[in-house]
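Take a look at the structure below.
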Amino acid sequence: MHPKRKKRLTLILFMVLGVSTAVGLLMYSLSQNINLFMTPTQIASGEAPVGRTIRAGGLVEPGSVVRDDSGLGVRFVVSDGMSEVTIAYEGILPDLFREGQGIVAMGKLGEDGVFVASEVLAKHDENYMPPEVKDALEKAHQNGKQALEEARY
Amino acid sequence: MGNLSGMLPEFGQLALIFALLVAAIQVVVPLVGVRRGQGWLMAYARPLASAQALFLIISLVILAYCFVVDDFSVAYVAKNSNTALPTAFKISAVWGAHEGSLLLWVTMLGCWGLAVAWFSKSLPLDMVARVLSIMGMVSVGFILFTLETSNPFERNLPSMPQEGADLNPLLQDFGLIVHPPTLYMGYVGLSVAFAFALAALLGGRLDAAWARWSRPWTMAAWIFLTLGIALGSWWAYYELGWGGWWFWDPVENASLMPWLVATALLHSLAVTEKRGLFKSWTVLLAIFAFSLSLLGTFLVRSGVLTSVHAFASDPERGVFILALLGICVGGSLLLYAIKAPTVASVGRYSWVSRESFLLLNNLLLLVAAFAILLGTLYPLIIDFMGMGKLSVGASWFNFMFVPISVVLGLVIALGAMARWKADDLKRLGSETVAAMVAAVLLGFAVPLLADGTMNWKVLLGMGVSFWLIGATLVDVWKKARGRLSRIPQLGLSYQGMVLAHLGVAITIIGVTMVANYSTEVSVRMAKGDSEMLGDYRFEFVDAGHVEGPNYVSDAIRFRVYDGEREIALLQPEKRRYNASGSIMTEAAIDVSLFRDVYVSMGEPLADGAWGMRLQVKPFMRWVWLGAIFMSVGGLLAMLDKRYRQRKNAPQNNAQANTAQEVTA
């Protein structure tokens, strides 16, 4: 083979090899690093993995926020209209956290069914409903309607 | 007169329509001129570009005026302003939301066209005609988009509100006055590099001269992009109240991707200019860089980030930008596929040479950009396919980006030192051995001195930075042949490169230190309480109220002590904006070169106590200081005298001729 072509071929082979390893590694590590979103209904039905970092969210139930007398511990209930899950958190809640507002929490589900959050997010926009929460509410709403219709017949 | 000024918004819209028409003419006439070889038609490109810019500026100024005089009959003004808003924020509210920021986008595009028209005296007329025609195409697309889907001049008639809804409080800040325009200048500026690349493809003259014309423009866009990203990070840091400075948020990623590719493009352009190599690669990078800035616009502006479903339920904007993106990327890649095979790069280089190092640098930057693209789009794709909701955590981005940056840091110094065509690893090694030893020693020393434990992340980050600084300085010393007095003679281009590379090292130092040695505590505090964080003691002095122009706030005064010495009196606030009722945290920061002390308020608790977030962040400023170094370096390189040669300078013509022979 012509030496120049040979050089070019080696270069291309190296690039292909490099790119495919890179993509493979990227995809693998990506699959290890994603955080699934679970709705309160999914958590209540036992679909959510226990002890793995996931995200959960819904509307904060009015009147459910209970603070510790000392320290920064707080517990509240989020709901998607069908089911509820209790979230425990230790730390500072975001400015837009309030009762009735949609929030997303990142953390782990405990054996006792309480979701221990390491981070609580409420987006920095008054009108903004976290997309996952909106979706969860809609899904729960539809399932509810379905159940109602099934019960009727 | 009263009637006329009442019609101002209509004039603004009219100016925008005129700009669209002028842009359309700017697309056609110069290209026809090029096709027919008629200089007088090509010569229309410059005045048309100027006229387009003028109409766009008029339009933008009218919108700003509507904000200043509180014309709430304009829906966009009513939604994003308020009579109580300070005037500076009324003006920055122009780009506070979707419609206005698009108008700013197209106005900047027009201004870049204007700049090309004015500062292209040394360019052949056919090149100017092609470049401005292509920029006209981009303008047509985006002005149409603005008028069709996001008209900022739409009226709230007949019932106009008495008071506006107010600007999002987060955006009522100096950072927002400067950050979006700077970032947009960068995004849009890449259209110039893109237009130059396509013009060169069309005209079949991908040569050293083209690279020399394109370089300062690309550099200018890159400088804006660098500053824009840094400003965004700085703004998020002090305004969001958590002390985070980078979140791997899709919006941030959208700005980092074009930056990475533009950085690759700058280095590839250097090879094309100096050695006539990597030509088609350079063109491809120019296409990628601009496509990524369009993708960024799509991601941020289509609503697709809020939810794929939001995109589907209000498809007009998203589909329009997606179509523009498709036409732009598809069209330019098609042109590339047709024209690029005719471009031959002549010249050889060995495995160890500056060309090879720059190629490696390009690959690393591209892999980094690709990884970020994947991580940003992955959740969207999964969601789109109905496979569930998920998010890619920051840890993944760090896991990808940090190792690439470390390797890149190692290569940067070598690329800058190595000779063109062929060099010798032994020579490079022997010249940098001192820098290597120093980097390893200091890399070990920093974590041991900091807290006595061997943190390998700190070792890597600091080692790479010291290596980069050391090797760069060694190179400067060699090039100046051991005399400080010779450094000013090394040329602006070289000095700029050195500054930019030192900037990279400074940023890596900042990132390494702040990521590994920040301390933070969230704690319940009441009047009289003290809290220790490392060597710092935070004392809650008292709480009070502050009345702002359009907000009221709770404020707490803190005294911060380093040991026994008082170093700062900080006053964080919790603001409540009157118009919207939104709550916002205003952090208080004591800034210094080697550490930031950051105090922000959480929620009010029982008995006058507050949840407080206290942080000490070492070397925080270095993250942004590095970006300033990079930008100043870019500016110096841009001002190098070889970019300011006159058209009729004989030397320039000779170069252009030889370059053409090479391609022929």
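Hydrogens, waters and symmetry mates play no part in the numbers below; they use all other heavy atoms, side chains included.
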(request) Let me know if B/M612 has heavy atoms under 4.5 Å from chain A in its side chain, its backbone, both or neither. (result)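 Answer is backbone: N, CA, C or O of B/M612 sit under 4.5 Å from chain A.
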
(message) Quick check on B/A606 against chain A: is it the side chain, the backbone, both or neither that has a heavy atom closer than 4.5 Å?
(response)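 B/A606 has no heavy atom closer than 4.5 Å to chain A.
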
(request) Step through the shown structure and confirm whether more than 12 heavy atoms of other residues, nucleotides or ligands are within 6.0 Å of CG on A/D112. (result)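 Atom CG in A/D112 is packed in, count exceeds 12.
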
(message) Please determine whether the number of non-hydrogen atoms from other residues, nucleotides or ligands lying under 6.0 Å from atom CZ of B/F399 exceeds 12.
(response)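 Counting neighbours around CZ of B/F399, 12 or fewer heavy atoms of other residues, nucleotides or ligands fall under 6.0 Å, so no.
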
Minimum heavy-atom separation for [X] to [Y], with atom names?
{"X": "A/M15", "Y": "B/L363", "value": "CE-CD2, 4.1 Å"}
{"X": "B/S522", "Y": "A/G91", "value": "CB-CA, 4.5 Å"}
{"X": "B/W396", "Y": "A/L30", "value": "NE1-N, 3.2 Å"}
{"X": "A/S29", "Y": "B/M400", "value": "OG-CE, 3.2 Å"}

(request) Anything in residues 69-77 of chain A with a heavy-atom distance to chain B below 4.5 Å? Please list those residues in order. (result)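 Contacts with chain B: A/D69, A/S70, A/G71, A/L72.
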
The criterion is salt bridge (Lys or Arg N to Asp or Glu O under 4.0 Å); which residues satisfy it with [X], sequence neighbours excluded?
{"X": "B/K574", "value": "A/D95"}
{"X": "A/E119", "value": "none"}
{"X": "B/E252", "value": "none"}

(request) Output, in order, the C-alpha distance, side-chain angles, deciding distance and verdict of side chain to side chain contact (heavy atoms under 4.5 Å, CB included) for A/F37 and B/S391. (result) CA-CA 8 Å; A/F37 179 83; B/S391 67; over 6 Å; no

(message) Shorter than 4.5 Å, heavy atoms on both sides: which option in B/V367, B/L366, B/V523, B/V521 has the most such pairs with chain A?
(response)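 Of the options given, most contacts go to B/V523.
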
(message) Evaluate B/F370 against A/V23 for side chain to side chain contact (heavy atoms under 4.5 Å, CB included), listing each step before the verdict.
(response) CA-CA 9 Å; B/F370 178 75; A/V23 171; 3.9 Å; yes

(request) Please examine the side chains of B/W351 and A/L11, heavy atoms only from C-beta on, and report whether any two atoms are closer than 4.5 Å. (result)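 Yes, close enough: below the 4.5 Å cut-off.
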
(message) Once rounded to the nearest 0.5 Å, what's the spacing between atom CE of B/M584 and atom CG of A/L96?
(response)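 With rounding to 0.5 Å, CE (B/M584) is 10.5 Å from CG (A/L96).
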
(request) Check the pair A/R98, B/I583 against side chain to side chain contact (heavy atoms under 4.5 Å, CB included), reporting the backbone distance first and the verdict last. (result) CA-CA 11 Å; A/R98 66 189 70 147; B/I583 307 284; 3.9 Å; yes

